[in-house]
Novice: 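Before we start, here is the structure in question, set down as structure tokens.
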There are 4 protein chains.
Amino acid sequence: MSERTQIRVDLSASEPAYRQIAGQIRALLVEGHLTPGSALPSVRRLAMDLGVHFNTVAEAYRQLAEEGLIDVSHGKAARILPPKSVEPAADTLEQLRRRLRNMVAEMRASGMSAASVRREIHSLLEGEEQ
Amino acid sequence: MSERTQIRVDLSASEPAYRQIAGQIRALLVEGHLTPGSALPSVRRLAMDLGVHFNTVAEAYRQLAEEGLIDVSHGKAARILPPKSVEPAADTLEQLRRRLRNMVAEMRASGMSAASVRREIHSLLEGEEQ
Amino acid sequence: MSERTQIRVDLSASEPAYRQIAGQIRALLVEGHLTPGSALPSVRRLAMDLGVHFNTVAEAYRQLAEEGLIDVSHGKAARILPPKSVEPAADTLEQLRRRLRNMVAEMRASGMSAASVRREIHSLLEGEEQ
Amino acid sequence: MSERTQIRVDLSASEPAYRQIAGQIRALLVEGHLTPGSALPSVRRLAMDLGVHFNTVAEAYRQLAEEGLIDVSHGKAARILPPKSVEPAADTLEQLRRRLRNMVAEMRASGMSAASVRREIHSLLEGEEQ
DNA sequence: GTGGTCTAGACCACG
DNA sequence: GTGGTCTAGACCACA
């Protein structure tokens, strides 16, 4: 992982450390900054770099593995799996839709105009067309 | 609240009841199904309708009040406040951006194409241009 | 009550309206801005001036009457009683001490120096020697 | 916490248990009986010692954390933070002033002379000069 | 092991 | 009538 893909953990944030780590790795994955087949840093290495307990990093890797994004096998470095090529199952999709609706509602409720919301989303999806 | 604005609580879901309630009211608010100045049902009334404890509804109302969406004062019915007309503060915006990035990453990671994500979001914002 | 003795009620504050009113009248009393024997405004009059329900003012008067500070008799205007000339009972004193200790601890904990606390208190007691 | 720093909870008092606990810890803090950096007892430990539910102690700790007096993080013992070295913000100060004015008014109204009030306060601040 | 969340129930305060 | 507080108990999340 180059310096463009730096991960930062804020221990004083309300979001737990392991989820911050998983979230940032997931984002790097889907944004193409991590190539399939390449290895992630070891749990202990990354933990030291981030200044957290290695169990915390292990928990993050476990979550990503459960989602089918990386492959962790005992004794080997965790490896990035190829991106999924099939749309999610109906119930998964339904749940994502509900969460997205809530997310957008929060953005609108906080004062953002529909146009602002659109702008934010476009800047996130920009350049990705897979 | 008319029948178009029905709220449903799924107690078996992992999302806590009070957040489901707050989320649905928030969505109704930003989608314009609840008019500013009008009163929400009393916590006890809504609680009975939804089959939950009144504290659960009270917690939902409290959260919406903290967000500045409704006004709750002792002894009086909760009332819907007018929508915010200013874009959120920089730090609020930053936090929303981070959460949105995570949300989109999860959608992409679950297998949705960028086009599918776009489609979902457009259908949510459709018709809202304010 | 002259304009120097104006009472203000902040309905959005966390302190209930009736206690704000009672508290301000009590302060005016002990600070000598209201003379014993003189009449307080009628419940309805003061309620209108403050923009609150008259029950709220009535509750404030009731509390002051319970403390022995004013005299409310059915059908007559509330009147200010002469100040007490005896020190409080031991248990009352004990309770006041405990509350004062907490108050001072909060001031110190919020960052005020002992000198600042002293200064605040002296400015409150200044000129009163009865 | 040594035997000089014993905390006592009176469940029959009108002041809620969690506030009694927070108040006593706050007083111990500002009076220097607890050293910055040291750990407070775990919520469950202290709860057992005091004979209250652990949530009651947790609520007390949460309040102290909000005031910036202690640091509580998930999975780690609560720790005492160094005392604040700056005077409080203007609005905080204003609120403290209002509460102090009410406190003093209550003492005076209960029959204490200005001299008695002074005496009580001086005995509380005695020896603290920082 | 630690602290935290969520829901509930009894009771209170307020307007 | 309204909303609110406090405490408790079961269960969960975190480091």
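Throughout, protein chains are lettered first and strands after them, A, B, ... in sequence-line order, and every chain is numbered starting at 1. Just so it is clear, the values below take in all heavy atoms, side chains as well, and ignore hydrogens, waters and symmetry mates.
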Novice: Taking the side chain as everything from C-beta on, heavy atoms only, tell me whether D/Tyr18 gets closer than 4.5 Å to D/Val52.
Specialist: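 The answer is no; the side chains never approach within 4.5 Å.
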
Novice: Starting at the 5' end of DNA chain F and moving along, which residue's nearest nucleotide shows up first, B/Ala78 or D/His74?
Specialist: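 This one resolves to B/Ala78.
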
Novice: Do the side chain of B/Gln20 and the main chain of B/Glu15 share a donor and acceptor less than 3.5 angstrom apart?
Specialist: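 Judged by distance alone, yes, a pair lies under 3.5 Å.
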
Novice: Do NZ/NE/NH1/NH2 and the carboxylate oxygens of D/Arg26 and D/Glu31 come within less than 4.0 Å?
Specialist: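 Answer for the salt bridge query: no.
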
Novice: Do any of residues 51-58 of chain D sit with a heavy atom less than 4.0 Å from DNA chain E, and if so which?
Specialist: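 Heavy-atom cutoff 4.0 Å gives D/Phe54, D/Asn55.
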
Novice: Tell me which of B/Glu59 and C/Pro16 sits closer to the 5' end of DNA chain E, going by the nucleotide each one is nearest to.
Specialist: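 Of the two residues, B/Glu59 wins.
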
Novice: A/Asp49 versus A/Arg45: any side-chain heavy-atom pair under 4.5 Å?
Specialist: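 Yes - at least one pair of side-chain heavy atoms lies under 4.5 Å apart.
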
Novice: Any side-chain to backbone donor/acceptor pair from A/Arg108 onto B/Val30? Under 3.5 Å, distance only.
Specialist: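 Such a contact is absent between A/Arg108 side chain and B/Val30 backbone.
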
Novice: To the nearest Å, give me how far apart CD (A/Gln63) and C1' (F/dC14) are.
Specialist: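 So the two atoms are 13 Å apart, to the nearest Å.
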
Novice: On a heavy-atom basis, which atom in A/Asp10 and which in A/Ser12 lie closest, and how many Å separate them?
Specialist: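 Heavy atoms only, the tightest pair is OD1-OG, 2.8 Å.
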
Novice: Which is more 5' along DNA chain F, the nucleotide nearest D/Arg19 or the one nearest D/Gly75? Just name the residue.
Specialist: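 Its nearest nucleotide being more 5', the pick is D/Arg19.
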
Novice: What dot-bracket string describes DNA chain E from 5' to 3', counting Watson-Crick and G-U wobble pairs whose defining distances are under 3.5 Å, with [ ] for crossing pairs and | for pairs to another strand?
Specialist: ||||||||||||||.

Novice: With distance as the sole test, does B/Gln24 use its side chain to make a donor-acceptor pair with the main-chain N or O of B/Arg8 at under 3.5 Å?
Specialist: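 Pair found, side chain donor or acceptor close to backbone of B/Arg8.
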
Novice: With nearest nucleotide decided by heavy atoms, which residue, B/Ala17 or D/Ala77, maps closer to the 5′ end of DNA chain E?
Specialist: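 The residue whose closest nucleotide sits nearer the 5' end is D/Ala77.
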
Novice: Would you mind reporting whether D/Ile80 and D/Thr35 have side-chain heavy atoms less than 4.5 Å apart?
Specialist: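 No, every pair of side-chain atoms sits at 4.5 Å or beyond.
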
Novice: Salt bridge check, A/Glu106 against B/Arg99: does any charged N sit closer than 4.0 Å to a carboxylate O?
Specialist: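 A salt bridge is present here (some side-chain N lies under 4.0 Å from a carboxylate O).
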
Novice: Can you find a pair of side-chain heavy atoms, one from D/Ser110 and one from C/Leu96, that are under 4.5 Å apart?
Specialist: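 Yes - at least one pair of side-chain heavy atoms lies under 4.5 Å apart.
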
Novice: Students should find this one: the first and last nucleotides of DNA chain E, 5' to 3', lying under 4.0 Å from a heavy atom of chain C. What are they?
Specialist: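 Nucleotide range in contact with chain C: E/dC14 to E/dG15.
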
Novice: Is the closest basic N to carboxylate O distance between D/Glu67 and D/Lys84 below 4.0 Å?
Specialist: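 Salt bridge: no.
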
